[in-house]
Amino acid sequence: MKILHVLRSIDPSSGGTYEGVRCLATSQLAMGQTIETVALDRPDLHHAMPGPVHLLGPCAGNYGRTAALDHWLEKNLTRFSVVLVHGLWQYHGFATRR
């Protein structure tokens with residue numbers, strides 16, 4: 001199974017969501033799943049997220065709108081069996097749903 005995690009940030013300093021997704025992805029990999037993550041951080045961010053990570057930021061404002069995410073999802077979304085959106089009320093959830 002190919003799983004995509006979509007979230008606003010994988011910056012370790014952001015805490016909760018990042019840490020939860022990192023632990024979940026690590027467990028999924030251990031079970032033999034294929035994991036990728038897409039987030040809206042700047043491409044040079046240092047993180048410990050397992051698997052391929054696509055950093056499409058930076059984006060402006062707290063809502064996190066960026067056309068880069070729209071384009072990436074249009075091109076790549078069909079490669080995945082499951083898409084998990086983490087975090088609410090920000091652009092990445094809206095873009096993934098659309």
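Values below: all heavy atoms of this structure, side chains included; hydrogens, waters and symmetry mates excluded. Nothing here was measured: the structure is a model prediction, and the numbers come from that model.
- For R79, the CZ atom is densely surrounded, since the number of other residues' heavy atoms within 6.0 Å is greater than 12.
- Applying the side chain to side chain donor-acceptor pair (under 3.5 Å) definition to pairs two or more places apart or across chains, those involving residues 38-50 are S9-D41, R42-D44.
- Checked by atom type, the side-chain pair H54/E36 shows a donor-acceptor distance below 3.5 Å.
- Between C59 and R65 the shortest side-chain heavy-atom distance does not fall below 4.5 Å.
- V82 and L7 end up in different hydrophobic clusters when Ile, Leu, Val, Met, Phe, Trp and Tyr side chains are linked at under 4.5 Å.
- Side chain of Q33 to backbone of K2: no donor-acceptor contact under 3.5 angstrom is found.
- The shortest heavy-atom contact between L29 and P50 is CD1-CB, 3.3 Å.
- Side chains of H5 and Q28 form a contact here, defined as non-hydrogen atoms less than 4.5 Å apart.
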Practice task
Apply the test side-chain hydrogen bond (donor to acceptor under 3.5 Å, both in side chains) to residues Y91 and D70: give CA-CA distance (whole Å), side-chain angles for both, the deciding distance (0.1 Å), then the verdict.
Solution key: CA-CA 10 Å; Y91 184 73; D70 297 327; 2.6 Å; yes

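- One hydrophobic cluster, built from ILVMFWY side chains closer than 4.5 Å, cannot hold both L24 and Y18; they sit in different ones.
- I35 contributes atom CD1, which lies 13.5 Å from atom CZ of R22 (distance to the nearest 0.5 angstrom).
- Just one residue in the list V38, L73, V6, I3 forms a side chain to side chain contact (heavy atoms under 4.5 Å, CB included) with V83, and that residue is V6.
- The shortest distance between side-chain heavy atoms of Y63 and W89 does not fall below 4.5 Å.
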